[in-house]
Colleague: 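Sharing a structure here in structure tokens format.
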Number of protein chains: 2
Amino acid sequence: MITQIKLHDCKSELREADLRATPTRLGVLQILETATTPLDVTTILSELRKKGIDPDKATIFRMMHSFLQKGLVREINLSESKNRYEYRGKGFHHHLICQVCGVIEDMDDCNIDIWEKELRKKKGFIVKRHSLEFFGLCKNCQN
Amino acid sequence: MITQIKLHDCKSELREADLRATPTRLGVLQILETATTPLDVTTILSELRKKGIDPDKATIFRMMHSFLQKGLVREINLSESKNRYEYRGKGFHHHLICQVCGVIEDMDDCNIDIWEKELRKKKGFIVKRHSLEFFGLCKNCQN
DNA sequence: TGACATATGCAATTAAATTGCATATACTAA
DNA sequence: TTAGTATATGCAATTTAATTGCATATGTCA
């Protein structure tokens with residue numbers, strides 16, 4: 001059963017991160033792992049309800065903090081009034097956000113590393129992380 | 001008098017943007033033009049009070065909308081819970097944000113244009129704007 | 001100077017995120 | 001399997017950024 005393996009994976013993933021494997025956390029992890037775009041807390045909540053889990057939003061906000069701290073998720077900021085979260089296991093990538101329909105595409109290749117070395121040399125600044133997002137028009141919205 | 005010339009510049013800048021040159025707007029423009037980092041609305045308000053101007057925050061939020069629409073400022077998002085605004089006349093650049101002391105440095109050179117052409121070819125995505133920010137440790141905070 | 005579109009003040013409201021505290025539950029060790 | 005304990009959750013209140021409606025004030029142009 002794929003689902004069982006999946007659940008087991010999530011469980012050990014949480015345990016390895018020193019986090020208790022509660023049903024809500026397992027549900028959130030599963031949702032984030034299968035999501036095709038970064039999700040905000042409200043969306044995570046409504047996805048959870050579809051699974052029959054209905055926690056308080058404070059729980060999810062606190063969960064995102066601990067997930068973030070343990071490195072399970074990344075916080076994504078797309079110039080909205082809210083944060084989004086993305087499963088970190090997917091690997092690092094940037095986003096293409098359509099300003100018309102709002103669709104979010106991934107962009108895998110990123111060679112900013114070169115810049116980071118330059119910044120260290122030129123400015124003495126040590127880069128720990130960076131964010132790069134492109135806003136514009138997706139294929140369908142160009143008319 | 002440099003100040004007079006400056007004020008005159010701000011005034012015509014606003015008029016050219018089809019915006020009325022009110023004292024509050026002139027003050028905000030002057031503050032943004034002399035600022036060394038992008039400012040949030042709360043900071044703009046307290047800077048205004050130092051000048052003896054004390055408007056409502058709603059006014060500044062609305063002002064940022066019109067300034068943004070007219071292209072006088074850029075909206076900067078540094079993964080905070082609030083927006084910052086930067087005078088657009090300074091030209092486009094990215095930021096280095098120290099995760100320890102919070103200092104924000106500018107980074108002038110940006111050759112993302114090359115990427116934009118690639119994105120158009122590979123993904124059919126037309127880039128209208130992008131945001132690139134580096135988070136890490138400034139020279140003083142590396143110990 | 002007067003008319004009028006625009007800008008502002010004020011107050012109420014929305015939405016994201018945080019916090020304190022009591023209760024519930026997952027994990028560990030016996 | 002169970003009891004003890006640290007951790008997670010629920011609930012309610014609160015904070016902060018941002019928005020909105022509406023009445024009033026003000027900049028601009030004729």
Side-chain angles (χ1 to χ4, degrees), chain A residues 7-8 10-29 31 38-49 51-70 72-85 102, chain B residues 7-8 10-29 31 38-49 51-70 72-73 75-86 102:
Chain A
L7 276 174
H8 175 264
C10 289
K11 209 163 188 168
S12 47
E13 201 176 356
L14 285 168
R15 306 306 327 286
E16 278 162 30
D18 270 314
L19 295 172
R20 294 187 177 174
T22 68
T24 308
R25 280 181 178 167
L26 290 171
V28 171
L29 255 192
I31 287 165
L39 304 179
D40 63 7
V41 168
T42 308
T43 307
I44 292 171
L45 271 168
S46 66
E47 288 299 312
L48 279 172
R49 285 193 205 102
K51 287 175 178 284
I53 310 172
D54 187 18
D56 192 82
K57 58 179 158 54
T59 302
I60 308 301
F61 277 111
R62 277 188 282 231
M63 198 180 293
M64 291 305 104
H65 279 289
S66 44
F67 279 17
L68 205 57
Q69 195 198 341
K70 300 294 184 179
L72 293 178
V73 298
R74 248 189 303 273
E75 202 172 57
I76 308 291
N77 219 278
L78 303 182
S79 301
E80 299 163 308
S81 53
K82 63 196 172 190
N83 289 326
R84 288 171 181 264
Y85 299 90
Chain B
L7 277 175
H8 176 264
C10 290
K11 208 163 186 170
S12 47
E13 202 175 355
L14 286 168
R15 305 309 325 287
E16 278 163 30
D18 271 312
L19 295 172
R20 294 187 178 174
T22 68
T24 308
R25 280 182 177 166
L26 289 171
V28 171
L29 255 193
I31 288 164
L39 304 179
D40 62 6
V41 168
T42 308
T43 307
I44 292 171
L45 271 168
S46 65
E47 289 299 313
L48 280 173
R49 285 194 205 101
K51 288 174 179 283
I53 309 173
D54 188 18
D56 193 83
K57 57 180 160 50
T59 302
I60 308 300
F61 277 112
R62 276 187 282 229
M63 198 180 292
M64 290 306 103
H65 279 292
S66 43
F67 280 16
L68 205 57
Q69 197 199 341
K70 299 295 185 178
L72 293 178
V73 299
E75 201 173 55
I76 308 291
N77 219 277
L78 304 181
S79 300
E80 300 163 308
S81 53
K82 63 195 171 190
N83 289 326
R84 287 171 182 264
Y85 299 90
E86 189 171 67

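When reading the values below, keep in mind they use all heavy atoms of this one structure, side chains included, and skip hydrogens, waters and symmetry mates. Below, chain A is the first sequence line, B the second, and so on; all start at residue 1.
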Colleague: Got a sec, which residues hit side-chain hydrogen bond (donor to acceptor under 3.5 Å, both in side chains) with B:S79, two or more places apart in sequence or on another chain?
Modeller: A:R129
Colleague: Would one find a side-chain N or O of A:H65 under 4.0 angstrom from OP1 or OP2 of C:dA17?
Modeller: no
Colleague: List in chain and number order the residues that pass side-chain hydrogen bond (donor to acceptor under 3.5 Å, both in side chains) with B:E86, two or more places apart in sequence or in another chain; answer none if no residue qualifies.
Modeller: B:H93, B:H95
Colleague: What is the distance, to the nearest angstrom, from the CE atom on A:M64 to the C1' atom on D:dT9?
Modeller: 14 Å
Colleague: Can you work out whether B:D54 or B:S81 has the more 5'-proximal nearest nucleotide on DNA chain C?
Modeller: B:D54
Colleague: To the nearest angstrom, how far is A:M63 atom CE from D:dT7 atom P?
Modeller: 16 Å
Colleague: Round to the nearest Å and state the distance from B:L48 atom CG to C:dT8 atom P.
Modeller: 11 Å
Colleague: Could you tell me how far apart A:K82 (NZ) and C:dT18 (P) are, to the nearest whole angstrom?
Modeller: 15 Å
Colleague: Any side-chain heavy atom of A:L29 within less than 4.5 Å of one from A:F67?
Modeller: yes
Colleague: Report which part of the nucleic acid A:D40 touches: base, sugar-phosphate, or nothing (heavy-atom distance under 4.0 Å, all strands).
Modeller: nothing
Colleague: By the salt bridge (charged side-chain N to carboxylate O under 4.0 Å, His left out) test, which pairs, at least two apart or in different chains, include something from residues 51-60 of chain A?
Modeller: A:R49-A:D54
Colleague: Could you state the CD1-P distance from A:I44 to C:dA16, rounded to the nearest angstrom?
Modeller: 13 Å
Colleague: Measure CG/A:L14 against P/D:dT7 and give the value in whole Å, please.
Modeller: 15 Å
Colleague: D:dG10, OP1 or OP2 - any side-chain N/O from A:T59 closer than 4.0 Å?
Modeller: yes
Colleague: One character per nucleotide, please: for nucleotides 19-30 of chain C, 5' to 3', B when the base has a protein heavy atom closer than 4.0 Å, S when only the sugar-phosphate does, - otherwise.
Modeller: BBB----BSS--
Colleague: Give a yes/no answer on whether the side chain of B:N83 brings an N or O atom under 4.0 Å of OP1 or OP2 in D:dA18.
Modeller: yes
Colleague: One thing to verify: whether B:D40 and B:R84 come together as a salt bridge, which I'm taking to mean a side-chain N less than 4.0 angstrom from a carboxylate O.
Modeller: no
Colleague: Rounded off to whole Å, could you give me the CG-to-C1' distance for the B:L45 and D:dA18 pair?
Modeller: 13 Å
Colleague: Not counting sequence neighbours, which residues clear side-chain contact (heavy atoms from CB on, under 4.5 Å) with B:S66? List them please.
Modeller: B:L19, B:R25
Colleague: Indicate yes or no: at least one non-hydrogen side-chain atom of A:T22 is less than 4.5 angstrom from one of A:L14.
Modeller: no
Colleague: Between the opening five pairs and the closing five pairs of the helix from C:dT1-D:dA30 to C:dA30-D:dT1, how far apart are the helix axes, to 10°?
Modeller: 40°
Colleague: Whole-Å distance between C:dC10 C1' and B:K57 NZ?
Modeller: 10 Å
